[in-house]
Amino acid sequence: MRLTEEDLVLVKNYLKLPVVMDVLQNNMDKIESSDLKMQALFAAHLSSLSDKVNRELYDVRQEMRKRGLKVYEERRSEKGISAKYLCRGYNHEMNLLWGLVKSETETKIADLLGVDIEKIEFK
């Protein structure tokens, strides 16, 4: 059986969702150390988003297991994220550049927040 588009999406999400979690956690830490008036409210909202992403990552792992996909090596470098994985007994590699990971992380978080990303000007 060949590697399908769905298989690629699962592996890509498996690699990207932990980055989304890292960004959310980093922002929660910044909020908690700030002196915002509604600090607890903002932190709770980000925590709720983090729970959703964690659940999605759990679902991705479950689906990967069903499809015979297993990431056995993952590396983050200054260029991006690289992974080696098995798909139904065959070895494959995936490389995601940080530019792609960053833009898709921003899109994912905007989607979670219910924000139209087209209206945002990123620095």
Going by the rule salt bridge (charged side-chain N to carboxylate O under 4.0 Å, His left out), which residues pair with [X] if we only count those two or more places apart in sequence or in a different chain?
X     : answer
Asp22 : Arg76
Glu56 : Lys108
Arg65 : none

Which residues share a ring-ring contact (aromatic ring centres under 6.0 Å, His included) with Tyr14, sequence neighbours left out: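 Counting only residues at least two positions away or on another chain, Tyr14 forms no ring-ring contact (aromatic ring centres under 6.0 Å, His included).
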
Going by side chain to side chain donor-acceptor pair (under 3.5 Å), name the residues that satisfy it together with [X], two or more places apart in sequence or in a different chain.
X     : value
Asp7  : Thr4, Arg67, Arg88
Gln39 : none
Asp29 : Gln25
Asp35 : none

Would you compute the distance between atom [atom1] of [X] and atom [atom2] of [Y] and round it to the nearest 0.5 angstrom?
X     : Y     : atom1 : atom2 : result
Leu24 : Met28 : CG    : CE    : 6.0 Å
Gln62 : Leu10 : CD    : CG    : 11.5 Å
Ile81 : Asn95 : CD1   : CG    : 10.0 Å
Leu96 : Lys79 : CG    : NZ    : 14.0 Å
Met64 : Leu57 : CE    : CG    : 9.5 Å

Would you say [Y] ends up clustered with [X] if hydrophobic residues are merged whenever their side chains have heavy atoms under 4.5 Å apart, either directly or through other cluster members?
X      : Y      : value
Leu112 : Val9   : no
Met38  : Ile31  : yes
Val53  : Leu100 : yes
Tyr85  : Leu97  : no

Answer whether the closest heavy-atom distance between the side chains of Met21 and Asn54 falls below 4.5 Å.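 A side-chain contact exists here, since the closest heavy-atom pair is under 4.5 Å.
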
Pairs meeting criterion salt bridge (Lys or Arg N to Asp or Glu O under 4.0 Å) with involvement of residues 8-19, two or more places apart: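 Every pair satisfying salt bridge (Lys or Arg N to Asp or Glu O under 4.0 Å) with a residue in residues 8-19: Lys12-Glu104, Lys16-Glu104.
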
Using atom types as modelled, flag every donor-acceptor pair under 3.5 Å from a side chain in residues 40-51 to any protein atom, sequence neighbours excluded.
none

Tightest non-hydrogen contact, residues Met94 and Leu8, listed as CE-O, 3.6 Å

I need the minimum non-hydrogen distance between Pro18 and Leu15, along with the two atoms involved.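 Where Pro18 meets Leu15 most closely, the heavy atoms are CD-O, 3.6 Å.
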
Under the side chain to side chain contact (heavy atoms under 4.5 Å, CB included) test, which residues partner Arg75, sequence neighbours left out? Glu73, Ser82

Taking the hydrophobic residues Ile, Leu, Val, Met, Phe, Trp and Tyr, and joining any pair whose side-chain heavy atoms are under 4.5 Å apart, which ones share a cluster with Tyr58?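 ILVMFWY cluster around Tyr58 holds nothing else.
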
Given Asn27 and Ile109, is the side chain to side chain contact (heavy atoms under 4.5 Å, CB included) satisfied, shown in steps? CA-CA 12 Å; Asn27 284 306; Ile109 292 174; 5.7 Å; no

